[in-house]
*Asks:* 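One structure, as structure tokens, below. Some questions next.
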Amino acid sequence: MSEAVRQLASEGNGGYGEPSGMLHHRAAYADWIGRMGTVVDPSALMLTVNAQHAVDMAFSDIASETKVLAVDAATYPGALASARLRGFQLVPMATDEDGTRPDELLRAITVNGAGAYYSMPTAHSPLGVHMPLARREQIAEICRQHGMLVVEDDACVPLRKAGITSLKSLMPDNVFYVTSTAKSFSPLFTSGVTIPPRQRFKSTLGILVATVWSVAPLTSAIMARIFDERADVVFAERLRHRTAERLALAQDLLDLPASDDLSFHVWIPMPLVRAERMARRCLDNGIRITPPTATVVGPGDRAGVRLCLGAPPTLDRLKDALMRIAPFRHETPEAVV
């Protein structure tokens, strides 16, 4: 950290750089993203405050083209909050074990007039699904044919399996690619990245300038040092090991199907009324979970409970919480008389 500070102090213009980020920082981030499987020119990306900021920038730019956004029926609350803030009409889509269903995306486009699509194909929040390559290719073909603008939220990129490419790699001129260092490293050093379609770089940069002008360079300087030393490779391996350990514990204690797809959380589908009861029971027992309504778009029968496995500081604390949660899974609401 001290070396990063010294380097910044030696920069010209008092440490102010380009709004998109200092070029050598962007080059280091591009190397990191490339190691995760998405090759990118440093000049094509811009640094953001975090992934949420990058998603909101993408939605702000897309809103000038369309106000109808296709989303999975259960999806990331932060994206929903941003989409609603930007005035989008949300079109919920049913999903399966591979994520977004192609027939549902086609319906959203041809029947509901969706012109954009929000996707989290790796370690989907809240579903925990990893979209396989064949499904990604199907989705990409549909989006190319219909000129869809796509926001690919790849915040969990270290959990993506080798050989599975990003949607950005499959349709670069359609996708706003988003990732961040928060889940890959630590929220203490959070920073975000967006790679817009090349034809929308200028307009997206204008939104960055209008919202924060440019991100503070200290975090990106620290992360650039980590990337230059390839310490991210070690971080990623440790992260995958820790995630696999916690996921296996949850699957065992909650009697969930085993899977080698890594995720920071588990999803227990159930009707909304049951999910809300389970959330209340957890809170009464000192366990705070994601409010079930936060992730749901559309009918409540697509709801469920999302349990974040990374929050407890130790494996023993996680085990204790899961053992207290387990009985609540099968409780049913009392009959109203």
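Side chains are part of it too, since the values below use all heavy atoms of this structure and drop only hydrogens, waters and symmetry mates.
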*Asks:* Distance only, no hydrogens: is a donor on one side chain within 3.5 Å (strictly under) of an acceptor on the other, for D72 and T100?
*Replies:* yes
*Asks:* Can you find a pair of side-chain heavy atoms, one from P121 and one from E152, that are under 4.5 Å apart?
*Replies:* yes
*Asks:* Sequence neighbours excluded, which residues qualify as side chain to side chain donor-acceptor pair (under 3.5 Å) partners of S166?
*Replies:* T38, S169
*Asks:* For residues S82 and Q52, report the shortest heavy-atom separation together with the two atoms involved.
*Replies:* CB-NE2, 3.8 Å
*Asks:* Quick one: CD on Q251 to CG on L249, what's the gap to the nearest 0.5 Å?
*Replies:* 9.5 Å
*Asks:* Would you say the side chain of N174 lies within less than 4.5 Å of the side chain of L149, judging by non-hydrogen atoms?
*Replies:* no
*Asks:* Starting at CG of L167, measure out to CD of E137 and round the result to the nearest 0.5 Å.
*Replies:* 10.5 Å
*Asks:* What closest approach, in Å, do P126 and R306 show between heavy atoms, and which atom pair accounts for it?
*Replies:* CB-CD, 3.6 Å
*Asks:* Test of understanding: with salt bridge (charged side-chain N to carboxylate O under 4.0 Å, His left out), list the residues that count as partners of K67, not counting sequence neighbours.
*Replies:* none
*Asks:* Could you check whether any side-chain heavy atom of I62 comes within less than 4.5 Å of a side-chain heavy atom of R200, counting everything from C-beta outward?
*Replies:* no
*Asks:* Hydrophobic clustering (ILVMFWY, side-chain heavy atoms < 4.5 Å, transitive) - are V151 and V175 grouped together?
*Replies:* no
*Asks:* Nearest heavy-atom pair of A70 and L105: which atoms, and what distance?
*Replies:* CB-CD1, 4.3 Å
*Asks:* Which pairs with one or both residues in residues 61-95 pass ring-ring contact (aromatic ring centres under 6.0 Å, His included), sequence neighbours excluded?
*Replies:* F59-F88
*Asks:* Following the transitive rule for hydrophobic clusters with a side-chain heavy-atom cut-off under 4.5 Å over Ile, Leu, Val, Met, Phe, Trp and Tyr, establish whether V111 and V297 coincide in one cluster.
*Replies:* no
*Asks:* Which atom pair, heavy atoms only, marks the closest approach of A30 to P42?
*Replies:* CB-CG, 3.9 Å
*Asks:* Indicate the ring-plane relationship of W32 and F227, choosing parallel, tilted or perpendicular according to the 30° and 60° boundaries.
*Replies:* parallel
*Asks:* Nearest 0.5 Å, please: how far is CE in M131 from CD1 in I164?
*Replies:* 11.0 Å
*Asks:* Can you sort out the partners of D252 under salt bridge (charged side-chain N to carboxylate O under 4.0 Å, His left out), two or more places apart, ordered by chain and number?
*Replies:* none
*Asks:* For residues I195 and L208: do they belong to one hydrophobic cluster (side chain heavy atoms under 4.5 Å, members Ile, Leu, Val, Met, Phe, Trp, Tyr)?
*Replies:* yes
*Asks:* Extract all donor-acceptor atom pairs below 3.5 Å that involve side chains of residues 281-289 and protein atoms in other chains or at least two apart in sequence.
*Replies:*
residue	atom	partner	partner atom	Å
R281	NE	E331	OE1	3.0
R281	NH2	E331	OE2	3.0
N285	ND2	R281	O	2.8

*Asks:* Please test R107 against M93 for side-chain contact (heavy atoms from CB on, under 4.5 Å), starting from the C-alpha separation and ending with a verdict.
*Replies:* CA-CA 9 Å; R107 175 192 59 79; M93 302 179 293; 4.2 Å; yes
*Asks:* For the side chain of T181 and the backbone of S191, is there at least one donor-acceptor N/O pair under 3.5 Å apart?
*Replies:* yes
*Asks:* Does any pair with a residue in residues 188-197 pass salt bridge (Lys or Arg N to Asp or Glu O under 4.0 Å), and if so which ones, sequence neighbours excluded?
*Replies:* none
*Asks:* Hey, does the side chain of Q138 reach the backbone of P102 with a donor-acceptor pair shorter than 3.5 angstrom?
*Replies:* no
*Asks:* Indicate yes or no: at least one non-hydrogen side-chain atom of H146 is less than 4.5 angstrom from one of T110.
*Replies:* yes
*Asks:* Which heavy atom in T66 sits nearest to a heavy atom in V68, and how many Å separate them?
*Replies:* OG1-N, 3.2 Å
*Asks:* Identify every side-chain donor-acceptor pair in residues 314-321 under 3.5 Å, counting partners at least two apart or on other chains, and give the distances.
*Replies:*
residue	atom	partner	partner atom	Å
T314	OG1	R317	N	3.1
D320	OD2	R324	NE	3.3
D320	OD2	R324	NH2	3.0

*Asks:* Taking all non-hydrogen atoms of both residues into account, name the closest pair between D56 and L85 and its distance.
*Replies:* OD1-CD2, 4.4 Å
*Asks:* Say whether, by atom type as modelled, one donor and one acceptor occur between the side chain of R240 and the main chain of P158 under 3.5 angstrom.
*Replies:* yes
*Asks:* Kindly state each residue pair satisfying salt bridge (Lys or Arg N to Asp or Glu O under 4.0 Å) with at least one member in residues 185-197, sequence neighbours excluded.
*Replies:* none
*Asks:* Sequence neighbours left out, what passes salt bridge (charged side-chain N to carboxylate O under 4.0 Å, His left out) with D31? Give chain and number order.
*Replies:* none
*Asks:* When you measure from the side chain of R26 to the backbone of D41, do you find a donor-acceptor pair of N or O atoms at a distance under 3.5 Å?
*Replies:* no
*Asks:* Same cluster or not: Y177 versus V55, using hydrophobic residues (I, L, V, M, F, W, Y) connected whenever any side-chain heavy atoms lie under 4.5 Å apart?
*Replies:* no
*Asks:* Any non-hydrogen side-chain atom of T293 less than 4.5 Å from a side-chain atom of L272?
*Replies:* yes
*Asks:* Return the set of residues passing salt bridge (charged side-chain N to carboxylate O under 4.0 Å, His left out) with D153 (not counting sequence neighbours), or none when no residue passes.
*Replies:* none
*Asks:* Have a look at D173 and tell me which of R144, K168, R198 forms a side-chain hydrogen bond (donor to acceptor under 3.5 Å, both in side chains) with it.
*Replies:* R198
*Asks:* Verify side-chain contact (heavy atoms from CB on, under 4.5 Å) between H265 and S125, making sure each step is shown before the conclusion.
*Replies:* CA-CA 8 Å; H265 52 267; S125 180; 3.7 Å; yes
*Asks:* Mind jotting down which residue pairs meet the salt bridge (Lys or Arg N to Asp or Glu O under 4.0 Å) criterion with at least one end in residues 108-136? Sequence neighbours excluded, please.
*Replies:* D96-R135, D98-R135
*Asks:* Counting C-beta onward and ignoring hydrogens, is there a side-chain heavy-atom pair between Y117 and I109 closer than 4.5 Å?
*Replies:* no
*Asks:* I need the T290 OG1 to W267 CH2 distance, nearest 0.5 Å.
*Replies:* 9.0 Å
*Asks:* With sequence neighbours left out, write down each residue that passes side chain to side chain donor-acceptor pair (under 3.5 Å) with S203, or none if nothing qualifies.
*Replies:* D61
*Asks:* Would you say that M270 contacts P292 through its side chain, given a criterion of any heavy-atom pair below 4.5 Å between the two side chains?
*Replies:* no
*Asks:* Test I33 against D154 for side-chain contact (heavy atoms from CB on, under 4.5 Å), laying out the working first.
*Replies:* CA-CA 10 Å; I33 293 169; D154 211 15; over 6 Å; no
*Asks:* Could you walk me through whether R302 and T95 satisfy the side-chain contact (heavy atoms from CB on, under 4.5 Å) test, starting with their C-alpha distance in whole Å, then the side-chain angles of each, then the deciding distance to 0.1 Å, before giving a yes or no?
*Replies:* CA-CA 9 Å; R302 298 173 182 171; T95 56; over 6 Å; no
*Asks:* Would you give the length of the straight line joining atom CG of L205 to atom CZ of F201, rounded to the nearest 0.5 angstrom?
*Replies:* 5.5 Å
*Asks:* Say whether, by atom type as modelled, one donor and one acceptor occur between the side chain of R160 and the main chain of T122 under 3.5 angstrom.
*Replies:* no
*Asks:* Please confirm whether the backbone N or O of L309 pairs with a side-chain atom of R246, one donor and one acceptor, at under 3.5 Å?
*Replies:* yes
*Asks:* Quick one: do V157 and M171 end up in the same hydrophobic cluster if we chain Ile, Leu, Val, Met, Phe, Trp and Tyr together by side-chain heavy atoms under 4.5 Å apart?
*Replies:* yes
*Asks:* Can you measure from CD1 (I325) to CG (L254) and round to the nearest 0.5 angstrom?
*Replies:* 7.0 Å
*Asks:* Quick check: do D261 and V129 have side-chain heavy atoms less than 4.5 Å from each other?
*Replies:* no
